[in-house]
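Some notes on the structure that comes next.
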Protein chains: 2
Amino acid sequence: MTAGQPRADAAPEVGGRGVRMPRRERREQLLESALGVFVAQGYHAAAMDDIAERAGVSKPVLYQHFPGKLDLYLALLEVAADDVIANCRDALASTQDNRLRVEAAMGVFYSYVADAAGAFRLVFESDLTSEPAVRAQVDRVTSECADLIAAVIHDDTDLPHAESRLLAVSLVGMAQVSARFWLAEHGDTEGGIDLEVASALVSGLAWRGIRGYPLHD
Amino acid sequence: MTAGQPRADAAPEVGGRGVRMPRRERREQLLESALGVFVAQGYHAAAMDDIAERAGVSKPVLYQHFPGKLDLYLALLEVAADDVIANCRDALASTQDNRLRVEAAMGVFYSYVADAAGAFRLVFESDLTSEPAVRAQVDRVTSECADLIAAVIHDDTDLPHAESRLLAVSLVGMAQVSARFWLAEHGDTEGGIDLEVASALVSGLAWRGIRGYPLHD
DNA sequence: TGCGGATGCCGATCTTGACGTCCATGGGTG
DNA sequence: CACCCATGGACGTCAAGATCGGCATCCGCA
């Protein structure tokens, strides 16, 4: 068996076949199963049959909770996007020290990528970017995180809005790409770089880059 | 008509319908048309009918030149990947001054993104990452560019290989993401930031970040 | 110069695979 | 014990990738 196609039906199927369940709880169950399948296979390769099977229900029940495949995907994507944006906001608000802000924000991206559920793949590696609604959510993550960072930069320096925003996007890109590569190369093996070490290293790069700009006051 | 679905059949169709053409030249024509369609619509939304129509031929001729849709996509992707990697290599080799190296490499990414053909979308916004061959090409760009940069970092500092590589990936991520957002926000309008200004700004951020590391000698 | 054959291309077709619905069934309740 | 309804296996449909019979074109020959 090749390692390129991780099968998605290895879940324990907590709510087994034919079990009556409250609608709210079942909806959560379906979302969880769908996340697993979308993360493992991507949007196009994921079949509604797979999702239903993994959730331990049949396809009609799935369609009783979600009008279609796209709606299901968007529901998951929106949650994943809100999650990282909120964490980024909290990280920036957690301190007034900009150096610590950089470290905290970097840690948010690394933790997000390291999360076992793998929801970050919906945001950073989506295969449905041709769909405008998906594109909007994906772009929203970088855009809103960058806005939060840009506000800090703009407050503390003399840089105009547009320039602050471009620098903020650069920092977000640095965090996002490096975190994904860290996961791919060192995330699973024990011989690689630890998450905290990697996050601190890249935080250092980011802080050295951003700290030198002229202060506002 | 909505603006969300840019039609792909607005090309001048240089080799019109039913025109005899040398095989090599026709192949180039097909690749060009395919690139336009894939860039505009993404892999999944792109139909072989669209590509054939844009090239001014019918579907059978398309299949006489390429065994299938995936092969066609991979041919384009490989060229696009080689292109940016080679440019990155040239940029780093163009000088011994690391500051100029950063600026040159950043310029490579911004120029690549600003290119009218839009081949960068195949590399940075592919919607076929579930395909291992595609994933390999896409990752190869970041990986090989990072290797080139990491070699410079490792030569000039005391950082171990793994750390140099992670910093290099961070710089590549910064360039890639910021360039794409620059294009989306300022690339078309005249009121935004100029390419050189944006590239220089982000180069400054990168250089401030990387210059401070302890020199080797 | 007119004609026959061969060549290669286009319109029409087939197939597959996955999304999105319908008839038997089984369990719960009055 | 009979009714009711949620469930699931089986199915229709459709889009898109991948191929086949007419036909126009070109060349060689009398």
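Because only heavy atoms are used, hydrogens play no part in the values below, and waters and symmetry mates are left out as well, while side chains stay in. Chain naming here is simple, since letters A, B, ... match the order of the sequence lines and numbering starts at 1 in each. Since the model is a prediction, treat every value here as computed from it, not as a measurement.
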Give a yes or no on this: more than 12 heavy atoms of other residues, nucleotides or ligands lie within 6.0 Å of atom CD of B:Glu125.
yes

Round to the nearest Å and state the distance from B:Gln41 atom CD to D:dG17 atom P.
11 Å

Select one nucleotide: of D:dG8, C:dC10, D:dG17, the one nearest the side-chain heavy atoms of B:Ser58.
C:dC10

Here the distance between atom P of D:dA16 and atom CG of B:Leu70, to the nearest Å, is 18 Å

Electrostatic pair A:Arg140:A:Asp147 at N-O distance under 4.0 angstrom:
no

Looking at the side chain of B:Tyr63, which of D:dT7, D:dG17, C:dG20 is the nearest nucleotide?
D:dG17

Starting at atom CG of A:Leu62, determine the distance to atom C1' of D:dG9, rounded to an integer number of angstrom.
16 Å

Distance in angstrom units between A:Ile51 CD1 and C:dA18 P, rounded:
13 Å

Picking from C:dC19, D:dA18, D:dG8, which would you name as closest to the side chain of A:Val57?
D:dG8

In this structure, how many angstroms lie between the C1' atom of D:dT7 and the NE2 atom of A:His65, rounded?
12 Å

Closest to the A:Pro60 side chain, choosing from D:dC20, D:dG9, D:dA18:
D:dG9

A:Asp50 has an atom CG; how far is it from atom P of C:dC19, in whole Å?
8 Å

Check this for me: does any side-chain nitrogen of one of A:Arg135 and A:Asp139 sit under 4.0 Å from a carboxylate oxygen of the other?
yes

Heavy atoms under 4.0 Å, any strand shown: does B:Ala46 hit a base, just sugar-phosphate, or nothing?
sugar-phosphate

From the candidates D:dG17, C:dG11, D:dA10, the one with an atom nearest any side-chain atom of A:Lys59 is D:dA10

Nucleotide D:dA16, atom C1' - distance to CG of B:Leu72 in whole Å
15 Å

Identify the two heavy atoms, one from B:Val123 and one from B:Ala81, that lie closest to each other, and give their separation to 0.1 Å.
CG2-N, 4.2 Å

Side chain of B:Met48 only, heavy atoms from C-beta on: which candidate in C:dC19, C:dC9, D:dG17 is closest?
D:dG17

Regarding A:Arg165 and A:Ser143, do their side chains bring together a donor and an acceptor under 3.5 Å, going by distance alone?
yes

Rounded to whole angstrom units, what separation is found between the CG atom of A:Asp49 and the P atom of D:dA10?
13 Å

Of all the choices, C:dC19, D:dT7, D:dG17, which nucleotide is nearest to the side chain of A:Gln64 once you look at every atom?
D:dT7

